[in-house]
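Below are the structure tokens for one structure; questions will follow.
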Amino acid sequence: MSPRIVPPAPTPPAARSTYRHGDLRRALLDAGIELARDGGPDAVALREVTRRAGVVPNAAYRHFASRRELLLAVRAAALSAAAGAMEKELAVLPCDQPPVDFARAQVRAIGTGYLRFAQAEPGLFRTAFVVSSEDAEGEVGPGKEGAGGKDPFQLLGAAIDRLVEAGALDPSHRPNAEYLAWSAVHGLALLIIEGPLKGMDAQSSHALGQRLIDMVERGL
């Protein structure tokens, strides 16, 4: 009798290296975030995100109708990351300080988080705050908030409101104060990440940032 031939066991399918079923939008967005991290907003392109996700270019249009839509979604993610950096600084503040000191410390934490995010993630920072092309104009949708539910601008505004509540800021000086604080810290951030201060070492840039934040907080 001839020996029985046992067929080989079927080869299991190879694991997908791109996305799981139903997660294509997330895969495309993640690819866009990485492009922005490496090259800023100008690097975000639909064709490249589909290539990285392992799908044909037309597949992206079921989730992002245009490059502008993709860029706005990436920008929202970058804003959320910036908010997270600010929340991280806020979370370590001692809560047993006098109200005035605590309010001032919160403003300082917001500024410190902003500058640290700019230096740690310059590509995402530019995507979040320096987008100026027509492709990026428009309302940023959901997803721009940190874990606490506020975006970076709202976190700054809330910190300045606490200065007023604590009696550290004259209510007459409150209107638009966040724009004054933001413009000063943002300007220094740009000088550090792409301007004449780009070569400054981390310790010196941190010390300079703290001096600026102190000037802003006391000058509001």
Side-chain angles (χ1 to χ4, degrees), residues 36 40-41 72-95 97-132 136-195 197 205-220:
L72 287 173
V74 172
R75 187 184 182 194
L79 285 165
S80 177
M86 295 173 176
E87 290 173 335
K88 184 178 179 180
E89 296 293 330
L90 290 169
V92 299
L93 294 178
C95 299
Q97 305 177 64
V100 170
D101 293 343
F102 188 50
R104 287 175 171 163
Q106 287 179 309
V107 172
R108 298 185 68 86
I110 293 292
T112 299
Y114 192 91
L115 288 171
R116 283 183 170 163
F117 178 73
Q119 294 174 80
E121 296 281 9
L124 292 182
F125 177 83
R126 289 194 295 269
T127 303
F129 300 111
V130 194
V131 172
S132 60
E137 290 179 359
E139 183 66 25
V140 178
K144 61 182 180 295
E145 301 84 7
K150 290 184 173 64
D151 65 32
F153 188 70
Q154 291 168 335
L155 287 169
L156 174 59
I160 295 176
D161 286 340
R162 293 187 192 100
L163 286 177
V164 176
E165 294 165 5
L169 177 63
D170 189 320
S172 66
H173 293 170
R174 175 61 187 87
N176 297 322
E178 52 265 80
Y179 292 110
L180 301 175
W182 187 8
S183 61
V185 179
H186 183 79
L188 179 60
L190 289 182
L191 290 174
I192 291 172
I193 67 171
E194 57 184 29
L197 301 183
S205 62
H206 176 71
L208 186 61
Q210 293 305 297
R211 287 182 63 188
L212 175 72
I213 294 167
D214 183 64
M215 181 186 75
V216 169
E217 183 264 308
R218 296 184 182 280
L220 287 175

Legend entry - Shortest non-hydrogen contact from Leu93 toward Glu89: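 Closest pair (atom of Leu93, atom of Glu89, distance): CG-O, 3.8 Å.
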
Inset, instruction - For Val100 and Ala168, work out which heavy atoms get closest and say how close. - result: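 Looking at all heavy atoms of both residues, the closest pair is CG1-CB, 3.9 Å.
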
Legend entry - Lys88 side chain reached by Arg116 side chain, heavy atoms, under 4.5 Å: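 Side chain of Arg116 against side chain of Lys88, heavy atoms only: no contact under 4.5 Å found.
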
Inset, instruction - Decide yes or no on side chain to side chain contact (heavy atoms under 4.5 Å, CB included) for Leu197 and Leu208, but give the supporting numbers first. - result: CA-CA 11 Å; Leu197 301 183; Leu208 186 61; 3.8 Å; yes

Legend entry - Closest approach of Val74 to Ala36 (non-hydrogen atoms, all atoms of both residues):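 Smallest heavy-atom distance, with atoms named: CG1-CB, 3.7 Å.
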
Legend entry - Heavy-atom side-chain contact between Val185 and Leu115 under 4.5 Å: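 Side chain of Val185 against side chain of Leu115, heavy atoms only: contact under 4.5 Å found.
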
Inset, instruction - Identify the heavy atoms of Gly146 and Ala83 that sit nearest to each other, and give their distance. - result: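 Looking at all heavy atoms of both residues, the closest pair is N-CB, 3.6 Å.
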
Inset, instruction - Kindly assign one of parallel, tilted or perpendicular to the pair Phe125 and Phe129, based on the angle between their ring planes and the thresholds 30° and 60°. - result: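 Because their plane-to-plane angle lies in the 30° to 60° range, the rings of Phe125 and Phe129 count as tilted.
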
Inset, instruction - Could you grab the distance from atom CD1 of Ile192 to atom CD of Gln119, nearest 0.5 Å is fine? - result: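 Here the interatomic distance stands at 4.5 Å.
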
Legend entry - Nearest non-hydrogen partners of Phe102 and Cys95, listed with the distance: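 Heavy atoms only, the tightest pair is CE1-CA, 4.2 Å.
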
Legend entry - Single hit among Glu165, Arg174, Glu217 for side chain to side chain contact (heavy atoms under 4.5 Å, CB included) with Ile160: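 Of the listed options, the one satisfying the test is Arg174.
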
Legend entry - Value rounded to 0.5 Å, distance of CG in Asp161 from CG in Leu156: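 Spacing of CG (Asp161) from CG (Leu156) equals 9.5 Å.
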
Legend entry - Under 3.5 Å donor-acceptor, Ser80 side chain and Ala76 backbone: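 Not confirmed, Ser80 side chain does not pair with Ala76 backbone.
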
Legend entry - Heavy-atom closest pair, residues Ala103 and Arg162: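 Answer, listing the atom of Ala103 first, then Arg162: CB-O, 3.6 Å.
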
Inset, instruction - Check whether any side-chain heavy atom of Phe153 lies under 4.5 Å from a side-chain heavy atom of Leu79, and answer yes or no. - result: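 Answer no - side chains too far apart.
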
Inset, instruction - Taking the side chain as every heavy atom from C-beta outward, state whether Leu220 and His173 have any atom pair closer than 4.5 Å. - result: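 No - every pair of side-chain heavy atoms lies 4.5 Å or more apart.
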
Legend entry - Within-4.5 Å side-chain heavy-atom neighbours: Arg218 and Arg104: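 Of all side-chain heavy-atom pairs linking Arg104 with Arg218, at least one is under 4.5 Å.
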
Inset, instruction - Nearest 0.5 Å please: distance from the CG atom of Leu90 over to the NZ atom of Lys150. - result: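 Separation between the atoms: 10.5 Å.
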
Legend entry - Polar side-chain atom of Arg126 near backbone of Pro41 as donor-acceptor pair, under 3.5 Å: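 Such a contact is absent between Arg126 side chain and Pro41 backbone.
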
Legend entry - Rounded distance [0.5 Å steps], OH in Tyr114 versus CZ in Phe117: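 Between Tyr114 OH and Phe117 CZ, I get 9.5 Å after rounding to 0.5 Å.
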
Legend entry - Between CG on residue Asp151 and CE on residue Met86, distance to nearest 0.5 Å: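 The CE atom of Met86 is 9.0 Å from CG of Asp151, to the nearest 0.5 Å.
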
